[in-house]
Amino acid sequence: MQDSVKCVLEFYRELGFESLPLNYSNIKGSNKLRVASNELKDEKEPEDPSPVTRYSLPDKEDALRALREDIGDCRRCKLSKGRTHLVFGEGDANARIMFIGEAPGREEDVQGRPFVGDAGRLLTKLIEKMGLKRTDVYIANIIKCRPPMNRDPLDDEMATCFPFLDRQIEAIAPQIIVSLGKISTYTLLGIKGPLSSFSISRTRGKFHEYKGIPVMPTFHPAYLLRNPKDKWLTWDDAQAVLKKLSNNYK
Ligand code: URA
């Protein structure tokens, strides 16, 4: 017993975590999260408390399909010239959690899917440590085409593309958004002032809001690859997200 506890602790330390995850399980089929039974006060299947859910699942899927059609073979900004694939986003249209990154990188541009490179593999690990699968959540970016040499998206590119993400959020109506990194957080929170003076370190870890939806800012997985010592802070943020979701079902 002691050996197995030691093994688990070492495993988490190898991943860069300094605190243990809470034990959450995913209720199959309903895409609802609940805490381990000893933490759950009411075992009855609760009503969906989300104040932002406006569509049923087929409506959400229809809304996303319609949005994809509207975007079409987008030529609205100059990024279209250099892209291989537009990266629309993927996941469960009925997801409770939506992860929003910055922009597709090289691997995402090639595959047409969000977060499938090195940073994506770390994001997938985080999602799995949260007791979920990638297919349980929805993953998208502030902009849908890769900027050349992975430079930061420009204001005009974000202004052109953001209304599509806004519609995507409205269609999915997640209970929580996790904004990954500085640009995603700055954009979603509508921060005034220059990006250069915005600090993700000071903003992460507390809930903010986008159109009434709680937003948890955290570090971008690419940053965590360069600064693995900060992984435990992101794990704290992930636990706060799980706790908030579980509170919705108490
Ligand atoms: N970084 C992002 O912000 N988004 C991706 O999809 C991949 C890397």
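All values derive from a computational prediction rather than experimental measurement. Read the numbers this way: they start at 1 and go in the same order the structure lists the ligands and their atoms.
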(message) As an exercise, state the distance from OG of S179 to CG of L189, rounded to the nearest 0.5 Å.
(response) 6.0 Å
(request) Could you say whether the N/O atoms of F115 and ligand 1 ever approach to under 3.5 Å? (result) yes
(request) Hey, could you give me the OG/CE distance between S184 and M158, rounded to the nearest 0.5 Å? (result) 10.0 Å
(request) Give the residue, atom name and distance (to 0.1 Å) of the protein heavy atom nearest atom 4 (N) of ligand 1. (result) N141 OD1, 2.8 Å
(request) Could you tell me whether the side chain of I143 reaches within less than 4.5 Å of the side chain of T160, counting heavy atoms only? (result) no
(message) Out of all atoms in ligand 1, which are within 4.0 Å of some heavy atom of E102? Include the element for each.
(response) 2 (C), 3 (O)
(message) Taking the cut-offs as 6.0 angstrom to the six-membered ring centre and 45 degrees off its axis, would you call K144 and F164 a cation-pi pair?
(response) no
(request) Give the atoms of ligand 1, by number and element, whose distance to some non-hydrogen atom of G101 is under 4.0 Å. (result) 3 (O)
(message) Taking side chain to side chain donor-acceptor pair (under 3.5 Å) as the criterion, tell me which of T218, T185, D237 meets it with R204.
(response) D237
(request) Please identify which atoms of ligand 1 are closer than 4.0 Å to at least one heavy atom of H220. (result) 1 (N), 2 (C), 3 (O)
(message) If you define the side chain from C-beta out and look only at heavy atoms, does anything of D109 sit under 4.5 Å from V87?
(response) no
(message) Tell me whether A103 has any N or O atom under 3.5 angstrom from an N or O of ligand 1.
(response) yes
(request) Specify side chain, backbone, both or neither for E108, according to which of its non-hydrogen atoms lie closer than 4.0 Å to ligand 1. (result) side chain
(message) Heavy-atom contact check, 4.0 Å cutoff: does R113 meet ligand 1?
(response) no
